[in-house]
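One structure below.
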Amino acid sequence: MISLEKDGGYWIAVIDRPDKANSLTPEMLERLCEIAEAARDAHVLVLTGVGKVFSAGADLEAARAGLATSPLWERLSGAIARLPGLTICALNGTLAGGAMGMALACDLRIAVPTAKFFYPVMKLGFLPQPSDPARLTALVGPARAKMILMAGQKIPAEEALAWGLIDRIVAPDALLVEARALAADAMGAEPSHSRAIKALIR
């Protein structure tokens with residue numbers, strides 16, 4: 001349900017469980033962690049999904065069994081954030097719940113026009129993953145972070161773009177083409193160069 005395609009230093013990890021809105025089981029989350037940790041050798045890592053939803057977060061049954069508070073979420077977002085190469089989240093659809101963390105940890109986020117963004121931790125009685133609020137606030141500011149985390153608002157793609165939550169809206173049939181185009185310069189450089197630029201931006 002998680003596939004990995006490699007084209008030299010260009011890696012694409014794909015969430016492929018469209019019949020369940022790409023909701024994540026512990027095994028899927030573990031696999032994403034393994035990919036992100038191994039991607040230190042990649043120039044570019046792209047995360048995307050199959051179907052009309054990028055990910056609905058934790059599988060409902062698995063969430064009830066403890067996945068909602070699993071350290072795997074933080075392990076995944078931390079591994080992505082530490083990568084020296086360029087990381088791109090190519091959102092083929094709606095992004096919800098704990099899956100928000102991996103997108104927030106990426107360097108760039110592009111999305112289809114129909115994507116919506118929400119993180120219903122207040123409604124469900126959970127806290128967000130530890131690193132997510134700070135990353136979200138860095139992108140959209142504190143008030144808008146509260147709109148998502150405390151007021152439970154679903155943010156459509158156009159509004160997400162205006163807020164800075166995503167960086168570009170792309171037609172569905174061009175999503176991976178756009179990701180590849182954004183990756184072109186990083187693909188021509190050493191990961192150490194990307195790392196140095198990231199350090200300067202931080």
Side-chain angles (χ1 to χ4, degrees), residues 1-18 22 24-51 53-55 71-93 95 98-112 115 117 129 131-132 134-136 138-139 160-161 164-202:
M1 288 181 275
I2 303 293
S3 64
L4 176 63
E5 303 168 21
K6 295 182 183 180
D7 181 7
Y10 188 79
W11 293 22
I12 305 179
V14 182
I15 305 171
D16 190 357
R17 199 190 183 202
N22 284 340
L24 299 167
T25 64
E27 295 76 18
M28 293 168 70
L29 201 50
E30 179 79 35
R31 177 61 179 145
L32 284 168
C33 289
E34 291 170 355
I35 290 169
E37 288 162 355
R40 300 190 70 79
D41 298 327
H43 289 72
V44 177
L45 174 65
V46 177
L47 302 175
T48 194
V50 172
V53 176
F54 173 76
S55 177
L72 286 171
W73 301 99
E74 191 73 4
R75 177 183 162 192
L76 174 58
S77 64
I80 293 168
R82 288 190 295 270
L83 287 175
L86 182 67
T87 54
I88 302 170
C89 195
L91 295 152
N92 55 292
L95 170 65
M100 185 83 78
M102 70 179 96
L104 293 172
C106 284
D107 299 312
L108 302 174
R109 286 154 295 281
I110 59 177
V112 298
F117 305 85
Q129 297 305 316
S131 296
D132 292 354
R135 291 190 180 115
L136 179 60
L139 292 172
L161 180 64
L165 182 57
I166 60 174
D167 303 299
R168 189 165 288 170
I169 295 174
V170 183
D173 59 355
L175 188 67
L176 292 182
V177 174
E178 179 67 15
R180 189 84 190 209
L182 290 170
D185 283 6
M187 283 298 296
E190 291 299 322
S192 59
H193 192 187
S194 294
R195 185 199 296 275
I197 290 175
K198 283 189 178 185
L200 289 169
I201 291 170
R202 292 192 190 103

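Only heavy atoms go into these numbers, but all of them, side chains included; no hydrogens, no water, no symmetry mates.
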Just by distance, do the side chain of His43 and the backbone of Ala189 share a donor-acceptor pair under 3.5 Å?
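A pair under 3.5 Å: yes.
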Check whether any side-chain N or O of Ser55 sits under 3.5 Å from a backbone N or O of Asn22 as a donor-acceptor pair, and report yes or no.
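Confirmed, Ser55 side chain pairs with Asn22 backbone.
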Could you pull out the closest heavy-atom pair between [X] and [Y], with the gap in Å?
| X | Y | result |
| --- | --- | --- |
| Leu86 | Ala186 | CB-CB, 3.9 Å |
| Ala115 | Gly93 | CB-O, 3.6 Å |
| Ala36 | Leu76 | CB-CD1, 4.0 Å |
| Pro18 | Gly51 | CB-CA, 4.3 Å |
| Arg135 | Ala105 | CD-CA, 4.0 Å |
| Phe54 | Gly49 | CD1-N, 3.9 Å |

Within a strict 4.5 Å, meaning less than it, do heavy atoms of the [X] and [Y] side chains meet?
| X | Y | value |
| --- | --- | --- |
| Leu104 | Leu165 | yes |
| Leu24 | Met102 | yes |
| Asn92 | Val50 | no |
| Leu47 | Ile80 | yes |
| Phe117 | Ile166 | yes |
| Ile169 | Ile110 | no |
| Glu34 | Arg31 | yes |

Any residue meeting salt bridge (charged side-chain N to carboxylate O under 4.0 Å, His left out) with Glu27, in chain and number order, not counting sequence neighbours:
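Partners of Glu27 under the salt bridge (charged side-chain N to carboxylate O under 4.0 Å, His left out) test: none.
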Interatomic distance, [X] atom [atom1] to [Y] atom [atom2] [nearest 0.5 angstrom]:
| X | Y | atom1 | atom2 | value |
| --- | --- | --- | --- | --- |
| Leu108 | Thr87 | CG | OG1 | 7.0 Å |
| Ile35 | Ile12 | CD1 | CD1 | 11.5 Å |
| Thr25 | Met1 | OG1 | CE | 5.0 Å |

Indicate every side-chain donor-acceptor pair of residues 171-180 with a distance under 3.5 Å to a residue at least two apart or in another chain.
{"from": "Glu178", "atom 1": "OE2", "to": "Arg168", "atom 2": "NH1", "distance (Å)": "2.5"}
{"from": "Arg180", "atom 1": "NH1", "to": "Asp7", "atom 2": "OD2", "distance (Å)": "3.2"}
{"from": "Arg180", "atom 1": "NH2", "to": "Asp7", "atom 2": "OD2", "distance (Å)": "3.1"}

side-chain contact (heavy atoms from CB on, under 4.5 Å) partners of Leu72, counting only residues at least two apart
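Applying side-chain contact (heavy atoms from CB on, under 4.5 Å) to Leu72 gives Leu29, Glu30, Cys33, Ser70, Arg75.
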Mind checking what makes side-chain contact (heavy atoms from CB on, under 4.5 Å) contact with Asp185, not counting sequence neighbours?
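side-chain contact (heavy atoms from CB on, under 4.5 Å) list for Asp185, sorted by chain: empty.
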Please tabulate, one pair per line, all N/O donor-acceptor pairs under 3.5 Å involving side-chain atoms of residues 194-202, not counting sequence neighbours.
{"from": "Lys198", "atom 1": "NZ", "to": "Leu83", "atom 2": "O", "distance (Å)": "2.7"}
{"from": "Lys198", "atom 1": "NZ", "to": "Gly85", "atom 2": "O", "distance (Å)": "2.6"}
{"from": "Lys198", "atom 1": "NZ", "to": "Asp107", "atom 2": "OD1", "distance (Å)": "3.4"}
{"from": "Lys198", "atom 1": "NZ", "to": "Asp107", "atom 2": "OD2", "distance (Å)": "2.9"}
{"from": "Arg202", "atom 1": "NH2", "to": "Ala81", "atom 2": "O", "distance (Å)": "3.3"}

In chain order, what residues pass the side chain to side chain donor-acceptor pair (under 3.5 Å) check against Arg17, with sequence neighbours excluded?
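Testing Arg17 for side chain to side chain donor-acceptor pair (under 3.5 Å), a comparison that skips the adjacent residues, returns Ser23, Asp59.
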Evaluate the criterion side-chain contact (heavy atoms from CB on, under 4.5 Å) for residue pair Val14 and Ile2; output intermediate values, then yes/no.
CA-CA 6 Å; Val14 182; Ile2 303 293; over 6 Å; no
Worked check of side-chain contact (heavy atoms from CB on, under 4.5 Å) between Gln129 and Met100
CA-CA 9 Å; Gln129 297 305 316; Met100 185 83 78; over 6 Å; no
